[in-house]
Amino acid sequence: MGSGGLELPPGDEGHQGDSADVPPGAVSLARPMSAGAIGPELDWDSDAWHEVRTRAQRAGRAYIWLNLVEQRLRAVVAAVLRPVYEPVHGDDWVVAAAGPAGQEWVQRAVAVREVSRRKGYLLDPADDNVLSFLTLPQLRELMVQHWPCFEPYVDERRDVELALDELEVTRNVVSRNRALSEAVLNQAERASARLLEVLGAGSDVPSARRLPVDAVEDLVGDRYADVVAVHSDRVRLLRQFPAEDLFGSARRVDALGIGLNLLVQNFSGRRLLRMAEAGGRVRLLFLNPASSAIKRRERELGIKRGELSRAVEMNILHMRRVRARLRDPGAFEIQVFDETPRFTAYLVDGDGADGVAVVQSYLRRTRGMEAPVLVLRNGRNGGKVVKSDRLDEGGLFPTYREEFELMWADSRPVS
């Protein structure tokens with residue numbers, strides 16, 4: 001007999017739950033399923049785990065951008081409105097700035113702050129203020145309400161509001177742990193970068209004009225020396241980082257490799273000519289097409305004898321034609337080396353802190369187009385992008401730059 005006065009059916013193994021066997025007034029109970037019956041429903045296959053990890057990675061990137069924007073907007077609001085309201089209202093200056101229109105959400109923020117105080121959620125005393133508990137839409141509301149105060153510091157109100165509108169979709173998805181598409185993530189990253197630029201928090205790294213500093217790189221990039229991107233092959237590199245972005249605004253290009261196809265075949269010779277005429281400098285170091293090293297490379301790749309050497313020779317001839325049109329040929333130098341090629345490297349503005357490099361190692365039986373690619377940013381471990389408490393262990397960029405100079409010194413000029 002149950003506690004409610006109803007009779008429970010017997011639970012012996014032979015009872016099949018037939019309605020004819022259940023006494024009147026009894027409650028029928030569902031029998032537990034065996035472990036084998038529910039196992040397949042609980043297990044995730046590799047596709048499910050891949051989907052979950054993809055969602056987590058996208059949400060993590062979006063969260064970093066949203067966090068940066070929110071902290072920057074909070075700092076801007078405090079810098080502009082605190083001097084206006086704090087002298088009269090003291091610690092309640094945020095409540096006063098919200099005004100009658102914002103009483104509901106500002107009081108909710110005050111209540112959340114008090115709960116956080118009691119439960120010990122405030123780990124940093126600097127966060128013990130109402131402003132730290134305002135959300136991105138509420139910070140936006142304060143900015144809009146007091147736009148005349150912000151107008152001297154922000155050029156376009158429309159740019160700010162459009163960027164925040166684009167971020168609201170991402171904020172809603174991330175806060176509720178829902179699926180974030182790659183398109184929405186890309187839109188959020190662009191909007192965040194644009195908003196940070198408008199609010200005066202853009203990257204001060206010179207090379208960011210060529211290779212934008214990513215939010216993840218900004219926070220954890222020091223874990224990977226000065227490597228800012230890794231691509232499985234050159235096709236994927238060019239999809240994400242076109243040759244125009246790499247060489248388009250360069251003032252100096254130093255390139256070392258077998259045929260230098262990334263530069264010669266993907267960037268206009270006229271653009272190289274204009275760069276040299278504008279005061280830039282180009283140094284190209286090819287593998288000698290008549291050397292024994294190029295014959296060994298042909299055997300490694302399993303291609304016909306002379307095929308690679310002819311391709312390299314054609315690239316050299318093309319660059320010679322470009323050089324011949326210059327009034328100062330010294331700004332465009334071409335040399336060849338005879339050693340075994342170990343890597344190809346394109347050092348763009350490598351003599352300054354804004355340098356970027358693309359490096360590939362040569363693999364046996366793998367063409368350069370198919371080899372993995374590293375993208376390096378010069379000077380990053382020097383504190384220009386990432387500020388770390390760890391000692392600067394140096395990056396890869398200086399290593400490849402030094403190797404280029406050594407190879408250049410041992411090579412022969414092409415007339």
Side-chain angles (χ1 to χ4, degrees), residues 61-106 108-110 126-127 129-175 184-219 249 354 384-387:
R61 295 185 69 90
Y63 175 79
I64 291 175
W65 280 109
L66 290 169
N67 193 289
L68 288 172
V69 168
E70 185 172 315
Q71 291 192 60
R72 180 56 186 164
L73 192 58
R74 189 181 300 156
V76 169
V77 168
V80 174
L81 296 185
R82 187 194 295 269
V84 177
Y85 287 94
E86 191 176 47
V88 177
H89 301 279
D91 291 341
D92 294 330
W93 71 268
V94 178
V95 179
Q103 281 301 308
E104 180 181 350
W105 51 260
V106 79
R108 187 161 58 247
V110 170
D127 291 332
N129 56 76
V130 177
L131 189 65
S132 296
F133 290 88
L134 298 185
T135 63
L136 204 56
Q138 293 163 356
L139 292 168
R140 170 185 180 168
E141 187 64 26
L142 281 178
M143 195 176 211
V144 170
Q145 286 181 17
H146 301 83
W147 184 253
C149 299
F150 291 89
E151 194 169 15
Y153 309 101
V154 182
D155 294 333
E156 290 292 338
R157 172 177 173 176
R158 179 175 173 79
D159 289 346
V160 174
E161 296 207 65
L162 285 176
L164 288 171
D165 283 340
E166 292 178 0
L167 287 179
E168 189 56 27
V169 175
T170 306
R171 193 187 74 86
N172 189 283
V173 171
V174 171
S175 65
V184 175
L185 173 60
N186 293 337
Q187 173 183 294
E189 292 187 333
R190 290 192 297 267
S192 298
R194 186 167 68 251
L195 187 57
L196 290 171
E197 189 73 30
V198 170
L199 297 176
S203 172
D204 60 351
V205 182
S207 61
R209 293 186 299 274
R210 179 179 296 110
L211 180 64
V213 178
D214 180 82
V216 178
E217 174 196 348
D218 217 355
L219 291 177
S249 59
D354 56 344
K384 291 180 172 59
V385 176
V386 177
K387 296 177 177 60

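Computed from heavy atoms alone, side chains included, the values below leave out hydrogens, waters and symmetry copies. Residue numbers run from 1 in the order of the sequence given. From a predicted model like this one, the values you see are computed outputs, not experimental measurements.
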Hey, can you pull the donor-acceptor pairs under 3.5 Å for the side chains in residues 162-173, sequence neighbours left out?
unit_1 : atom_1 : unit_2 : atom_2 : d
D165   : OD1    : R140   : NH1    : 2.6
D165   : OD1    : R140   : NH2    : 3.0
E166   : OE1    : R194   : NH2    : 3.2
E168   : OE1    : R171   : NE     : 3.2
E168   : OE2    : R171   : NE     : 3.3
E168   : OE2    : R171   : NH2    : 2.9

If every non-hydrogen atom of D127 is compared with every non-hydrogen atom of F133, which pair is closest and at what distance? O-CE1, 3.6 Å

I need the full list of side chain to side chain donor-acceptor pair (under 3.5 Å) pairs touching residues 90-106, with sequence neighbours left out, sorted by first then second residue. Q103-Q107

Using 0.5 Å steps for rounding, measure from the CG atom of L142 to the CZ atom of R74. 12.0 Å

Which ring-ring contact (aromatic ring centres under 6.0 Å, His included) pairs, counting each pair once, include a residue from residues 151-173, with sequence neighbours left out? none

Residue from L73, V154, V144 passing side chain to side chain contact (heavy atoms under 4.5 Å, CB included) with V160: V154

Please name all residues satisfying side chain to side chain contact (heavy atoms under 4.5 Å, CB included) with E189, sequence neighbours left out, ordered by chain then number. R61, W65, L185, N186, D214

Separation between OG (S132) and CD (Q71), nearest 0.5 Å, reads 9.0 Å

Of all the heavy-atom pairs spanning Q145 and A101, show the shortest one and how long it is. NE2-CB, 4.1 Å

For residues 76-88, run the donor-acceptor check on the side chains, cut-off 3.5 Å, and write out each pair with its distance to 0.1 Å, sequence neighbours left out.
unit_1 : atom_1 : unit_2 : atom_2 : d
R82    : NH1    : E86    : OE2    : 3.3
Y85    : OH     : H146   : NE2    : 2.8

If you apply the rule side-chain contact (heavy atoms from CB on, under 4.5 Å), what do you find for V95 with H89, and how did you get there? CA-CA 9 Å; V95 179; H89 301 279; over 6 Å; no

If we only count heavy atoms from C-beta on, is the L131 to L134 side-chain gap below 4.5 Å? yes

According to salt bridge (Lys or Arg N to Asp or Glu O under 4.0 Å), does anything in residues 141-160 pair up with another residue at least two apart or in another chain? List the pairs. R157-E161

